[in-house]
Amino acid sequence: MDYSEQEERSTISESGSSNSYDQQRPSFADELGLMELLEGDRAYDLIYRNCKSALGDQCDLLSILRNGFATVGSRAKLKAFQVFQEAVEMKHVSEGGGKARVKYGWCAVKKTELKSVLEYGFSQPRNDGCYGRGLYLSPDNALLECLKDSAAESEDGMRFLLLSRVILGKSEIVPLGSTQSCPSSPEFDSGVDDLASPSKYIVWSTHMNTHVLPEFLVCIKAPFNINRSAKRLRSPWMAFPVLIKALSKFLPPSQILIIQKHYKDQQNRRISRSELIQRVRHITGDKLLVHIIKAFGHKVQH
């Protein structure tokens, strides 16, 4: 999935959470050169839906931030990543593909190390060593795997997850128990646990600060013992503006104005997304809301 090229859309699910909290900009965002994304931003909506699809209601997504590459060190890392991406492409031109195979991958980090990782990169391999010495990342569709390997920052279950671009190039299978620390030959650029359906991207310690570019930071609250088989969110989603337009056919203008005000408050981060959903449900009633969302989902499918 490319978070910079997908269709832009805001989302709402027919199932809402009763939990609410103040989603304020993290205090460290400006210091780290991170820009908070809001609902309606293409990347925000894709990452939000990805997280909800993978984790369901087990986790609360607090904020999504984009790396602004505002410091000298982070800009240097961006340029280095682009240079190595071109180099990997040139390396494989003779094979007829000439592709760097850049994917997105998840990696859990501690709040205390965010600054050094964003500025200088990863100082040491981050893994249990089962697949050799390097940086392990979970594919963007395997967020649950990454979360299970992470530790909560505090008793409230706060966690920080980096979503990074990863240059995979040509991958080789790395068997469980491997002691590899670099590609087995110049032919390969990265490792995976399975070529057809990888659950781990293995970026060797020699490559982890040239082939990995942290682009987004996702802050969430998750239980300590997160369910391995989290229920995936499969209900239809729709844009809030589209929902409001649909509701205007059933509700009086006064109620529509109230819903629009709540939506604006959420956009301005005065209320949380879950609180917005609860307020809309209170005004419309679940029966009408579910009817409209299901009707929308039926139109999308056809």
Side-chain angles (χ1 to χ4, degrees), residues 1-4 21-48 50-51 55 59-85 102-127 135-138 140 143 146-147 149-167 201 203 205 207-222 267-270 272-273:
M1 182 180 292
D2 191 325
Y3 294 93
S4 62
Y21 40 78
D22 192 12
Q23 297 188 60
Q24 297 296 328
R25 168 190 285 272
S27 59
F28 55 79
D30 291 331
E31 178 186 355
L32 300 182
L34 299 173
M35 301 176 293
E36 185 176 20
L37 302 182
L38 301 178
E39 182 183 357
D41 179 274
R42 173 172 46 200
Y44 176 98
D45 294 333
L46 285 168
I47 294 172
Y48 182 92
N50 189 349
C51 292
L55 306 173
C59 304
D60 290 325
L61 195 154
L62 303 181
S63 57
I64 300 174
L65 303 104
R66 185 196 297 271
N67 190 349
F69 301 104
T71 67
V72 173
S74 61
R75 286 197 295 271
K77 285 183 63 61
L78 173 60
K79 290 185 180 295
F81 183 87
Q82 293 168 340
V83 168
F84 276 91
Q85 180 177 344
V102 177
K103 302 287 186 180
Y104 278 91
W106 294 101
C107 177
V109 292
K110 294 180 180 179
K111 182 180 178 180
T112 54
E113 61 186 354
L114 273 172
K115 184 174 182 179
S116 62
V117 168
L118 292 173
E119 180 74 11
Y120 305 112
F122 299 96
S123 59
Q124 58 187 358
R126 310 168 57 83
N127 55 72
L135 175 66
Y136 302 171
L137 300 101
S138 300
D140 72 333
L143 174 57
C146 175
L147 203 59
D149 294 336
S150 70
E153 284 280 303
S154 58
E155 292 183 358
D156 62 2
M158 186 71 170
R159 308 190 196 210
F160 300 90
L161 304 172
L162 285 176
L163 182 60
S164 304
R165 274 186 271 170
V166 187
I167 301 172
Y201 296 147
V203 180
S205 53
H207 291 29
M208 63 186 186
N209 286 317
T210 55
H211 288 50
V212 178
L213 184 70
E215 189 168 355
F216 300 98
L217 174 67
V218 178
C219 308
I220 68 172
K221 286 185 179 180
Q267 290 282 285
N268 293 327
R269 284 297 197 248
R270 287 193 284 268
S272 69
R273 179 185 176 82

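Predicted model only: the values in this text are computed from it and were never measured. Values below: every heavy atom of this structure, side chains too, minus hydrogens, waters and symmetry copies. Residues: numbered from 1 along the sequence shown.
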Side chains of [X] and [Y] in contact at under 4.5 Å (non-hydrogen atoms):
X	Y	result
V109	L161	no
D60	I220	no
M158	L62	yes
L135	C107	yes
E36	S63	yes
V102	F81	yes
L114	F160	yes
I167	F84	yes

(request) Decide side-chain contact (heavy atoms from CB on, under 4.5 Å) for K221 and R159; before the verdict, give the C-alpha distance in whole Å, the side-chain angles of both, and the deciding distance to 0.1 Å. (result) CA-CA 6 Å; K221 286 185 179 180; R159 308 190 196 210; over 6 Å; no

(request) Mind checking the CZ-CG spacing from F216 to L65? Nearest 0.5 Å is all I need. (result)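 Those atoms lie 10.5 Å apart.
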
(message) To the closest 0.5 Å, what do you measure between CD1 (I47) and CZ (R66)?
(response)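 Interatomic distance, I47 CD1 to R66 CZ, rounded to 0.5 Å: 7.5 Å.
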
Ignoring hydrogens and angles, tell me if any N or O in the side chain of [X] forms a donor-acceptor pair with the backbone of [Y] under 3.5 Å.
X	Y	value
W106	D140	yes
R165	E215	no
E113	K110	yes

(request) Test Y48 against every option in D41, V218, L37, L61 by the side-chain contact (heavy atoms from CB on, under 4.5 Å) rule and name the one that passes. (result)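 Only match with Y48 under side-chain contact (heavy atoms from CB on, under 4.5 Å): L61.
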
(request) State which residue, out of T71, L34, L217, fulfils the side-chain contact (heavy atoms from CB on, under 4.5 Å) condition with L118. (result)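 For L118, the side-chain contact (heavy atoms from CB on, under 4.5 Å) check succeeds only for L34.
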
(request) Give the minimum heavy-atom separation between S164 and P214, together with the two atoms involved. (result)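 Scanning both residues, the minimum pair turns out to be OG-CA, 3.2 Å.
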
(message) If the condition is side chain to side chain contact (heavy atoms under 4.5 Å, CB included), which residues does N209 pass it with, not counting sequence neighbours?
(response)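 Side chain to side chain contact (heavy atoms under 4.5 Å, CB included) list for N209, sorted by chain: K77, F122.
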
